[in-house]
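First up is the structure itself, then whatever we jot down about it.
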Amino acid sequence: MDEGLKNSERVIIVLSPRYLTSQFGKIEWQSIIARDPTGDALVPVRIEECKVDGLLLGKIYIDLVGLDETAAREKLLADISRERGKPTSAPQFPRATRDATPPLRFPGTAPRIWNIPHNRNPNFTGRVDELNQLRAALVSEERATTRVAPTKIIAVTQSQAIHGLGGVGKTQLAVEYAHQN
């Protein structure tokens, strides 16, 4: 068994309740995962209803449960193939709409529009109350109003100012707020 696992390019494990509780089953697939952490060498095939957990939980398996012999054979051969699957038709692209939400950013990347002149301080800690107070003030619905004529009132969003003695961390607080929000 050891030589077979070492010399094989791919190994099919047959997922069933008996295999998952067997004495050597777990050792077999763990040795395959250890040898090839990308998981390309391990091909799980589920043939009976069973609970897949542990390291196998994240693996995509070929599911043959409930299929007859002919359908199971066709599915297994199609899914185990290493040929690149090409679609038979061109993909449908969604229409551009004005209401489309912007795509999510990858964590750690700056937004498309970003003009904060300071880098984030990796040693910034605490000041949770101050950050929460600043957020509450900036997102509140309160407006400062200005009367420009006896009948015309302009609503302006209330701005906030962080104030204090020099060197107490006003800029660091503002930079951290900008990065968090």
Side-chain angles (χ1 to χ4, degrees), residues 10-11 13 15 20 26-44 46 50-63 79 82-181:
R10 294 170 86 191
V11 176
I13 59 170
L15 300 176
L20 292 173
K26 189 173 189 178
I27 295 168
E28 290 170 355
W29 60 259
Q30 284 179 337
S31 68
I32 298 162
I33 290 174
R35 183 185 77 205
D36 178 27
T38 63
D40 193 39
L42 184 67
V43 182
R46 192 172 79 127
C50 56
K51 182 180 182 226
V52 179
D53 59 2
L55 291 175
L56 290 177
L57 185 62
K59 301 293 291 174
I60 297 173
Y61 54 81
I62 299 170
D63 197 1
D79 289 359
R82 285 193 165 177
E83 292 178 18
R84 181 173 174 243
K86 293 184 178 181
T88 56
S89 61
Q92 297 271 335
F93 289 101
R95 294 180 317 172
T97 62
R98 298 179 115 195
D99 298 338
T101 57
L104 295 174
R105 288 183 294 114
F106 188 78
T109 60
R112 196 169 54 88
I113 299 172
W114 183 256
N115 61 357
I116 305 298
H118 299 281
N119 290 328
R120 190 174 197 174
N121 181 352
N123 300 316
F124 185 93
T125 58
R127 316 271 309 257
V128 175
D129 291 338
E130 290 86 350
L131 288 167
N132 289 338
Q133 288 172 5
L134 185 56
R135 175 146 179 84
L138 289 171
V139 298
S140 80
E141 293 296 322
E142 294 181 27
R143 304 276 187 232
T145 57
T146 305
R147 187 174 297 271
V148 293
T151 59
K152 189 172 183 182
I153 297 176
I154 299 175
V156 180
T157 303
Q158 182 68 39
S159 60
Q160 296 296 312
I162 303 171
H163 59 88
L165 296 173
V168 296
K170 299 179 296 293
T171 301
Q172 293 301 315
L173 182 68
V175 167
E176 184 64 22
Y177 178 83
H179 280 277
Q180 285 185 13
N181 298 288

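Residues take their numbers from the sequence shown, with the count starting at 1.
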If you take all heavy atoms of [X] and [Y], which pair is closest and at what distance?
X	Y	answer
Arg46	Tyr61	NE-CE1, 3.4 Å
Leu131	Phe124	CD1-CE2, 4.0 Å
Pro44	Leu15	CB-CD1, 3.8 Å

Does Asn119 CG have over 12 foreign heavy atoms under 6.0 Å away?
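No, not enclosed.
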To the nearest 0.5 angstrom, please state how far the [atom1] atom of [X] sits from the [atom2] atom of [Y].
X	Y	atom1	atom2	answer
Gln172	Ile162	CD	CD1	11.0 Å
Leu20	Ile13	CG	CD1	7.5 Å
Asn121	Thr171	CG	OG1	11.5 Å

Side-chain touch His118/His179, heavy atoms, less than 4.5 angstrom:
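No, too far: nothing below the 4.5 Å cut-off.
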Set out, in order, the CA-CA distance, both residues' side-chain angles and the distance that settles side-chain contact (heavy atoms from CB on, under 4.5 Å) for Glu130 and Lys170, then state yes or no.
CA-CA 10 Å; Glu130 290 86 350; Lys170 299 179 296 293; over 6 Å; no
Which residues share a salt bridge (Lys or Arg N to Asp or Glu O under 4.0 Å) with Arg127, sequence neighbours left out
none
By side chain to side chain donor-acceptor pair (under 3.5 Å), Arg10 pairs with (sequence neighbours left out) none
